[in-house]
Q: 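So that we are looking at the same thing, I have put the structure below in structure tokens.
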Amino acid sequence: MEKSSTKKNVLIYGFSSSNEAPIINELKKREKVQVVAWINSRFSDEDFGNINHCRLKNYTPNRCPVHIYEEMFSNFMEFFFCRVRPKQMYLQKEKYYDYIDFFANYVNFFYDLLESRKVDVVFFANIPHLGPDFILFKLTKILGIKSYFFYQTLFPNKLIYAEDFSSLGSYIAKPKLTTDSLEIKNTFEKDLFYMHRGASLIAKIKRKFRWISVRRSAITLTYLIKFPYELAYKRRLKKIISHDVDFLKKYVYFAMHLQPEATTNPLGKIYADQALAIETLRKIIPEDWCIYVKENPYQDEFRRGRLFFDRIKSLPNTIVVPPDTSTYELLKNCQFSSTITGTVGWESISGGKNTLIFGDSWYDSLPGVFKFSDKFRLEDLLNYKIDHSILQAEFNKLYSSFANGIIGQDYVKIYPNFDVATNSRTVAELMENLTNF
């Protein structure tokens with residue numbers, strides 16, 4: 001495709017960390033696009049109010065046409081689950097119907113911003129999953145405005161850009177950005193940097209209070225209020241766990257996600273309700289097969305109420321295994337693995353075991369990955385054998401569509417050669433190219 005010669009109007013959402021903000025400053029300095037608005041919590045050039053708390057400024061209210069609002073309202077429930085993720089429902093003074101007001105204000109605010117600034121392209125630093133960003137993202141799709149979000153991969157200095165959730169793992173329509181390749185070892189084991197932290201309740205408390213030391217004191221009160229609920233969650237989990245784990249039985253290994261995270265909401269859609277995924281799995285596998293469910297070691301009480309565990313407990317041959325059960329032993333002996341979009345699916349196929357996922361994942365186009373839908377047939381999965389050489393070739397095609405760069409502070413630690421200035425130029429150039437195509 002040919003590039004447009006007209007300078008495009010760009011709206012930026014996020015990019016507020018110490019290694020992200022220089023990217024936008026570089027983009028503005030290069031003057032190849034016009035940054036007409038930059039919405040973030042630290043570096044905005046203008047005052048839009050408090051976006052996260054829906055105290056909005058400098059916009060024309062009630063501007064969104066009725067037909068646009070009606071179409072947007074189909075996204076309300078997903079917005080609701082995105083919006084409540086920062087705090088538990090029992091900590092919120094707002095009621096369910098207050099979120100309709102939030103929703104309406106956000107729709108009108110972003111509609112006015114997009115129209116008044118004549119925005120051509122919107123960039124999100126991450127998958128839109130916090131509420132306001134989700135509304136803006138969905139609004140761009142309805143209005144036909146190009147928008148991209150970025151997703152940092154597990155591979156050093158490699159990121160994915162995508163225009164919608166379903167294309168996150170697709171390389172078909174993307175240009176080849178590199179000739180680099182990466183050898184995939186034929187093993188389940190992976191060294192995942194984000195798993196190198198304590199998972200005990202004491203470790204969680206230490207992390208919370210480390211954050212509290214540099215954040216508002218209100219968070220201290222929030223966590224103290226949450227603490228009894230977390231203890232109750234631990235008791236419920238301990239009660240449902242079974243130590244009767246027989247690796248000789250036929251079973252499917254279901255790895256649960258940490259919530260709240262974008263990997264389940266919005267990428268999991270209705271299966272952000274992980275109990276629903278387990279219930280669905282129970283319906284499609286043989287009755288005499290077990291499901292071994294393993295909770296995420298860093299999970300707290302969010303979306304883990306009493307009824308959640310009751311739903312799992314009611315399912316025959318469905319066992320919640322102890323949290324210290326080896327993931328790799330579970331993968332080695334299972335018929336196949338299952339998750340919403342989690343890394344366990346990637347671990348599974350790289351070790352030669354098929355996986356069934358319920359959402360949109362970066363690896364979902366690779367051999368051995370089956371995505372649940374009304375067209376899914378269990379026999380197709382069971383009859384498929386992963387050829388590692390084909391997996392390697394397909395992965396390299398996907399890998400060639402990954403861009404260089406880091407957006408996200410946590411991923412700097414896995415790339416020792418990181419340099420802020422170099423990274424800023426690299427990602428800014430990528431954004432220019434995406435804008436002008």
Q: Any donor-acceptor pair under 3.5 Å linking the side-chain atoms of Ser348 with those of Ser337?
A: yes

Q: Side chains of Glu115 and Cys64, heavy atoms from C-beta outward: is any pair under 4.5 Å?
A: no

Q: Verify, without hydrogens or angle tests, whether Gln34 (side chain) and Lys28 (backbone) share a donor-acceptor contact under 3.5 angstrom.
A: no

Q: Under 3.5 Å, is there a donor-acceptor pair between the side chain of Asn436 and the main chain of Asn433?
A: no

Q: Please determine whether a side-chain nitrogen of the Lys or Arg among Glu295 and Arg304 lies less than 4.0 Å from a carboxylate oxygen of the Asp or Glu.
A: yes

Q: Determine whether a donor-acceptor pair (N or O, by modelled atom type, separation under 3.5 Å) exists between the side chain of Glu20 and the backbone of Gly408.
A: yes

Q: Flag the pair Tyr13 / Phe137 as yes when their ring centroid distance falls below 6.0 Å, and as no otherwise.
A: no

Q: Is a donor from one side chain sitting under 3.5 angstrom from an acceptor on the other, for Ser361 and Asp364?
A: no

Q: Please determine if Glu279 and Arg282 form a salt bridge, counting it only when a charged side-chain N lies under 4.0 Å from a carboxylate O.
A: no

Q: Taking ring pair (Phe, Tyr, Trp, His ring centres under 6.0 Å) as the criterion, tell me which of Tyr106, Phe80, Phe103, Phe79 meets it with Phe73.
A: Phe103

Q: I'd like to check Ile24 versus Met431 (side-chain heavy atoms, cut-off strictly below 4.5 Å). Are they in contact?
A: yes

Q: Heavy-atom distance under 4.5 Å between the side chains of Leu381 and Phe376, does that happen here?
A: yes

Q: Using a 6.0 Å distance limit plus a 45 degree cone around the ring axis, check whether Arg83 lies over the aromatic ring of Tyr99.
A: no

Q: Aromatic contact between Tyr399 and Phe402, with the criterion being ring centroids under 6.0 Å apart: yes or no?
A: yes

Q: May I ask you to say whether Glu163 pairs ionically with Lys146, meaning some side-chain N is under 4.0 Å from a carboxylate O?
A: no

Q: Report yes or no: does His257 contribute a side-chain atom to a donor-acceptor pair with the main-chain N or O of Gly342 at less than 3.5 Å?
A: yes

Q: Is the distance from the ring center of Tyr415 to that of Phe418 below 6.0 Å?
A: no

Q: Given Arg425 and Glu429, is the salt bridge (charged side-chain N to carboxylate O under 4.0 Å, His left out) satisfied, shown in steps?
A: CA-CA 6 Å; Arg425 288 192 296 270; Glu429 183 177 355; over 6 Å; no

Q: Any ion pair linking Lys371 and Asp360 (charged N to carboxylate O, less than 4.0 Å)?
A: yes

Q: Determine whether the side chains of Thr327 and Glu347 contain a donor N or O and an acceptor N or O closer than 3.5 Å.
A: no

Q: For salt bridge (charged side-chain N to carboxylate O under 4.0 Å, His left out), just list the numbers for Arg311 and Asp273, CA-CA rounded to whole Å, side-chain angles, deciding distance to a tenth of an Å, and then say yes or no.
A: CA-CA 11 Å; Arg311 290 167 67 187; Asp273 173 9; 3.0 Å; yes

Q: Do the side chains of Thr263 and Ile340 get nearer than 4.5 Å, heavy atoms only?
A: no

Q: Could you tell me if the ring centre of Phe155 sits under 6.0 Å from that of Phe395?
A: yes

Q: Can Lys29 and Glu432 be counted as an ion pair, charged N to O under 4.0 angstrom?
A: no

Q: Do Trp362 and Tyr171 have their ring centres less than 6.0 Å from each other?
A: no

Q: Between the main-chain N or O of Leu330 and the side-chain N or O of Tyr251, is there a donor-acceptor pair closer than 3.5 Å?
A: yes

Q: State whether the side chain of Asn40 and the backbone N or O of Phe15 hold a donor-acceptor pair below 3.5 Å, judged by distance alone.
A: no

Q: Between Lys397 and Ser365, is any side-chain donor less than 3.5 angstrom from a side-chain acceptor?
A: no

Q: Do Asn404 and Lys158 get their side chains close enough for a donor-acceptor pair, meaning under 3.5 Å?
A: yes

Q: With heavy-atom distances below 4.5 Å as the criterion, would you say the side chains of Thr341 and Thr264 are in contact?
A: no

Q: Side chain of Asp112, backbone of Asn108: donor and acceptor closer than 3.5 Å?
A: no

Q: For residues Phe149 and Phe124, establish whether the separation of their ring centroids is below 6.0 Å.
A: no

Q: Look only at the side chain of Asp120 and the backbone of Lys8, and say whether a donor-acceptor pair between them is shorter than 3.5 Å.
A: no

Q: When you look at Tyr161 and Leu434, which way does the side chain to side chain contact (heavy atoms under 4.5 Å, CB included) test go after all the steps?
A: CA-CA 9 Å; Tyr161 65 89; Leu434 292 173; 3.5 Å; yes

Q: Are Lys294 and Thr325 linked by a side-chain donor-acceptor pair shorter than 3.5 Å?
A: no

Q: Are Asp101 and Lys95 within salt-bridge range, i.e. N to O under 4.0 Å?
A: no

Q: Answer yes or no: is there a side-chain heavy-atom contact under 4.5 Å between Leu113 and Phe48?
A: yes

Q: Using ring centroids (six-membered ring only for Trp), state whether Tyr328 and Phe188 fall under 6.0 Å.
A: no

Q: Ring centroid separation for Tyr253 and Tyr292, is it under 6.0 angstrom?
A: no

Q: Counting distance only, does the side-chain N/O of Trp38 pair as donor-acceptor with the main-chain N or O of Ala21 below 3.5 Å?
A: no

